[in-house]
Amino acid sequence: MKGGTSAGRGWCGIVWHRCPRMGDVLSRRLVELFHWVDPGPDSSHLVSDTSGWWRDPAVLAGIGPALAGLFPDARPTVVVAPEVTGLLLGPLVAVAAGAGFLPAYKMGGQRRRAGPMRWAETPPDYRGRRLRMGVDAHRLGPADRVLLVDDWVATGAQLDALDQVVRGSGAELVGAAAVVATCPPYVAERLRLRSLLTGDDLD
Ligand SMILES: O=P(O)(O)OC[C@H]1O[C@H](OP(=O)(O)OP(=O)(O)O)[C@H](O)[C@@H]1O
């Protein structure tokens, strides 16, 4: 990731929802373990390094409850999160929320999908890609209350596509929970996005 140019980090001047106490302790740990990396002279972008989060037992134990805690009254039936990082993060949140987990895949990725899928196309994401994002069509329906989860929301493009997928299935979107949100406020509002950190926290 993640569009880590100095210009790309300054969007969020708004007040984001934070989980009291536990969330604030975790958020400080997330900041301590995060690094911007300069890939070298050929790159105009700093690249985020979040690998320290997953290596840390306290983060691994706390991040699911903290993200689920951003929506304490939402009662989601299912967490939907996009590959690849969402395949790690989504189940942690689902367990904490008492929900199931449904992975969202990118068309053309390594994993061939068998059976019917429900797809939607993203607008250009943080890397300018128009992706097709999809979930197993049999695993989502009108009885579901969906919490979208991601590690980082930059343009919101991937979650926008998943919002379309959810609505197309007849399920209800209860919101989106992210570790970091650097997207414009109007995108956050549209997605009902709450995050533990903003771009300003990671300067
Ligand atoms: O807000 P957006 O512009 O949609 O970008 C955010 C998405 O991009 C990153 O995933 P990426 O596709 O890089 O895959 P990864 O999980 O393998 O890092 C990140 O994990 C989000 O899913």
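When a ligand or atom number is given, it counts from 1 through the structure's own listing order. Note: hydrogens, waters and symmetry copies are ignored here, and every other heavy atom, side chains too, is used. Keep in mind the model is a prediction, meaning the values are calculated, not measured.
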Participant: Considering the heavy atoms of Thr155, write down every atom of ligand 1 situated less than 4.0 Å from one of them.
Facilitator: 1 (O), 2 (P), 3 (O), 4 (O)

Participant: Using only heavy-atom distances, determine whether the side chains of Thr182 and Trp152 contain a donor-acceptor pair under 3.5 Å.
Facilitator: yes

Participant: Answer with side chain, backbone, both or neither: which part of Asp125 has a heavy atom less than 4.0 angstrom from an atom of ligand 1?
Facilitator: both

Participant: Can you figure out which of Met133, Lys106, Arg127, Glu83 has its heavy atom closest to atom 12 (O) of ligand 1?
Facilitator: Lys106

Participant: Looking at Trp152, which atoms of ligand 1 are within less than 4.0 Å of one of its heavy atoms?
Facilitator: 6 (C), 7 (C), 19 (C), 21 (C)

Participant: Against heavy atoms of Ala154, which atoms of ligand 1 measure under 4.0 Å?
Facilitator: 1 (O), 2 (P), 3 (O)

Participant: For the residue pair Thr77 and Asp144, confirm or rule out a side-chain donor-acceptor distance under 3.5 Å.
Facilitator: yes

Participant: Within the 4.0 Å heavy-atom shell around Val153, which atoms of ligand 1 are there?
Facilitator: 1 (O)

Participant: Relative to ligand 1, is Val84 under 4.0 angstrom through side chain, backbone, both or neither, heavy atoms considered?
Facilitator: both

Participant: Taking both backbone and side-chain atoms of Gly156, is any N or O found less than 3.5 Å from an N or O belonging to ligand 1?
Facilitator: yes

Participant: Is the closest N or O pair between Leu159 and ligand 1 shorter than 3.5 Å?
Facilitator: no

Participant: What do you reckon, is CZ of Arg190 surrounded by more than 12 foreign heavy atoms closer than 6.0 Å?
Facilitator: yes

Participant: Identify, by atom number and element, the atoms of ligand 1 in contact range of Thr85, meaning under 4.0 Å from any of its heavy atoms.
Facilitator: 15 (P), 16 (O), 18 (O)

Participant: Determine whether more than 12 heavy atoms belonging to other residues, nucleotides or ligands lie under 6.0 Å from atom CD of Glu189.
Facilitator: no

Participant: Any carboxylate oxygen within less than 4.0 angstrom of a Lys/Arg side-chain nitrogen, looking at Asp163 and Arg167?
Facilitator: yes

Participant: Looking only at atom types and distance, does a side-chain atom of Trp36 sit under 3.5 Å from a main-chain N or O of Leu202, one as donor and one as acceptor?
Facilitator: yes

Participant: Side chains of Thr198 and Asp200 only: does a donor on one sit below 3.5 Å from an acceptor on the other?
Facilitator: no

